[in-house]
Amino acid sequence: MHVVELRFECYDNTTITAAEKSINGLLEAYRANGQILGREFAVAFNDGEFRVRLVMPEKSSLAKRFNSPWVEKALVELTESKILAPREKYLGQDINSEVSSSETPSWQLVYTSYVHMCSPVRNGDTLQPIPLYQLPATFNGDHKRIIRWQTEWQACDELQMAAATKAEFAALEELTSTSSDLFRRGWDLRGRIEYLTKIPTYYYLYRVGGDNLASEKVRPCPRCGNKHWRLDEPLLDMFHFRCDSCRIVSNISWDHL
């Protein structure tokens, strides 16, 4: 991933309120299209200009060819607020983040965790994140729905990892059950991505608990009951199960590995 600084200059009289609304609108549109990563963006005002530092999947993430209709609309609203289009200053590669996938995968998967800020769509051959703007828009012109799903998954993951409240059990149910709302929405989004890209796309179903290692090795697919979904060797050293009918990958319970 890469770090960039955007600078916004006023070309006529405006107000802080108008500038704040239009700049934040543009940042949110970029985020909803996967062109910038993260949830909060500190916009500083100094010497007559606004500045913000952002993390992007690629050096070219803010190129016009990747803009969604909502980004284009936000750029028009920026001009209406008497602010010039942002000037971009590249700062360098983020050493604490993953490298985005640059090759077309043979298969891909929907996978995230509470520590990941990158795209939740991964190259199945390398597990590298695929920038969302490289995919056809999933719904309504951008990728807001899958980013919202990712935020919810990460919230549940953080609750169950903290293991400090009763909310842990409700969160774990959302992460591990094929009957949960979180699974249903994520699995449907997976299907939408597969339909648009024509690339087999799987959903990662998190697994903890279970009685013992022996019973884990023979557990069937929780969606269709397939007893032959265990792999001879784990995919990417993480996924011990794959059901091609249900498009699900999963792991032997982390409690028994």
Checklist entry - Just wondering, are more than 12 heavy atoms of other shown residues or ligands nearer than 6.0 Å to CZ in Arg192? => result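 Correct, the count exceeds 12.
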
[X] side chain to [Y] side chain, donor-acceptor N/O pair below 3.5 angstrom:
X      : Y      : value
Ser253 : Arg219 : no
Thr201 : Gln108 : yes
Glu5   : Tyr90  : no
Ser22  : Glu77  : no
Ser177 : Ser179 : yes
Ser113 : Gln154 : no
Asp157 : Gln160 : yes
Tyr133 : Glu58  : yes
Asn123 : Gln128 : no

Look only at the side chain of [X] and the backbone of [Y], and say whether a donor-acceptor pair between them is shorter than 3.5 Å.
X      : Y      : answer
Arg31  : Gly38  : yes
His240 : Pro234 : no
Asp142 : Lys144 : yes
Lys198 : Tyr195 : yes
Ser180 : Thr176 : no
Thr112 : Gln150 : no

Under 4.0 Å between a side-chain nitrogen and a carboxylate oxygen: does that hold for [X] and [Y]?
X      : Y      : result
Lys59  : Glu88  : no
Arg148 : Glu152 : no
Arg190 : Asp188 : no

Checklist entry - Do the rings of Tyr111 and Phe239 sit parallel, tilted or perpendicular, given the 30° and 60° boundaries? => result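 The rings of Tyr111 and Phe239 stand perpendicular, inter-plane angle above 60°.
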
Checklist entry - In terms of ring plane angle, is the pair Tyr204 and Trp153 parallel, tilted or perpendicular, where the classes change at 30° and 60°? => result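 Rings of Tyr204 and Trp153: tilted, as their planes differ by 30° to 60°.
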
Considering non-hydrogen atoms only, spot the tightest contact between [X] and [Y] and give its length.
X      : Y      : answer
Ser106 : Pro200 : O-CD, 3.7 Å
Glu174 : Cys156 : CB-SG, 4.0 Å
Pro105 : Gly124 : CB-N, 4.2 Å
Gly141 : Ser68  : O-CB, 3.4 Å

Next on the checklist: For Val249 and Arg242: C-alpha separation, side-chain torsions, deciding distance, then whether side chain to side chain contact (heavy atoms under 4.5 Å, CB included) applies.
Outcome noted: CA-CA 4 Å; Val249 293; Arg242 181 172 70 181; 3.8 Å; yes

Next on the checklist: Determine whether Glu49 and Arg51 satisfy the following criterion, salt bridge (Lys or Arg N to Asp or Glu O under 4.0 Å), listing intermediate values before the conclusion.
Outcome noted: CA-CA 7 Å; Glu49 70 175 8; Arg51 297 185 183 189; 2.6 Å; yes

Checklist entry - Where do Arg65 and Ser60 land on the side chain to side chain contact (heavy atoms under 4.5 Å, CB included) test, with the steps shown first? => result CA-CA 10 Å; Arg65 66 182 180 276; Ser60 60; 3.9 Å; yes

Checklist entry - Is there a salt bridge (Lys or Arg N to Asp or Glu O under 4.0 Å) between Arg122 and Glu98 once you walk through the steps? => result CA-CA 11 Å; Arg122 301 284 189 128; Glu98 300 177 71; 3.0 Å; yes

Just how far is it from atom [atom1] of [X] to atom [atom2] of [Y], taken to the nearest 0.5 Å?
X      : Y      : atom1 : atom2 : answer
Ile248 : Thr178 : CD1   : OG1   : 6.5 Å
Asp94  : Cys118 : CG    : SG    : 11.0 Å
Thr15  : Glu20  : OG1   : CD    : 9.5 Å
Ser215 : Lys217 : OG    : NZ    : 10.5 Å
Leu235 : Asp125 : CG    : CG    : 9.5 Å

Is there a continuous path of hydrophobic side-chain contacts, each under 4.5 Å between heavy atoms, that joins [X] to [Y]?
X      : Y      : answer
Leu127 : Leu37  : no
Leu213 : Tyr206 : yes
Leu205 : Ile252 : yes
Leu135 : Trp187 : yes
Phe66  : Phe139 : no

Item to check | Pairs touching residues 33-42 that satisfy salt bridge (charged side-chain N to carboxylate O under 4.0 Å, His left out), sequence neighbours left out | outcome: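 Salt bridge (charged side-chain N to carboxylate O under 4.0 Å, His left out) check on residues 33-42 returns no pairs.
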
Item to check | With sequence neighbours excluded, residues passing side-chain contact (heavy atoms from CB on, under 4.5 Å) with Thr104 | outcome: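 For Thr104, the residues satisfying side-chain contact (heavy atoms from CB on, under 4.5 Å) (neighbours in sequence not counted) are Ile199.
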
Checklist entry - Would Leu109 and Tyr203 count as a side chain to side chain contact (heavy atoms under 4.5 Å, CB included) if you check the C-alpha gap in whole Å, the side-chain angles of each, and the deciding distance to 0.1 Å? => result CA-CA 6 Å; Leu109 69 153; Tyr203 181 96; over 6 Å; no

Next on the checklist: Which residues pass the salt bridge (Lys or Arg N to Asp or Glu O under 4.0 Å) test with Arg184, not counting sequence neighbours?
Outcome noted: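 Partners of Arg184 under the salt bridge (Lys or Arg N to Asp or Glu O under 4.0 Å) test: Asp181.
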
Next on the checklist: Counting C-beta onward and ignoring hydrogens, is there a side-chain heavy-atom pair between Cys10 and Lys82 closer than 4.5 Å?
Outcome noted: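 They are not in side-chain contact.
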
Next on the checklist: Side chains of Glu194 and Arg247, heavy atoms from C-beta outward: is any pair under 4.5 Å?
Outcome noted: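 Touching, per the 4.5 Å side-chain cut-off.
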
Going by side-chain heavy atoms closer than 4.5 Å, which hydrophobic residues are tied to [X], directly or by a chain of links?
X     : answer
Leu84 : Tyr11
Val76 : none
Leu26 : Val4, Leu6, Phe8, Ile16, Ile23, Leu27, Tyr30, Ile36, Phe41, Val43, Phe45, Phe50, Val52, Leu54, Met56, Leu62, Val71, Leu75, Leu78, Ile83

Next on the checklist: Using ring centroids (six-membered ring only for Trp), state whether Phe241 and Trp229 fall under 6.0 Å.
Outcome noted: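 Yes, the ring of Trp229 comes within the 6.0 Å limit of the ring of Phe241, centre to centre.
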
Checklist entry - Given Ile146 and Leu132, is the side chain to side chain contact (heavy atoms under 4.5 Å, CB included) satisfied, shown in steps? => result CA-CA 9 Å; Ile146 193 162; Leu132 291 176; 3.9 Å; yes

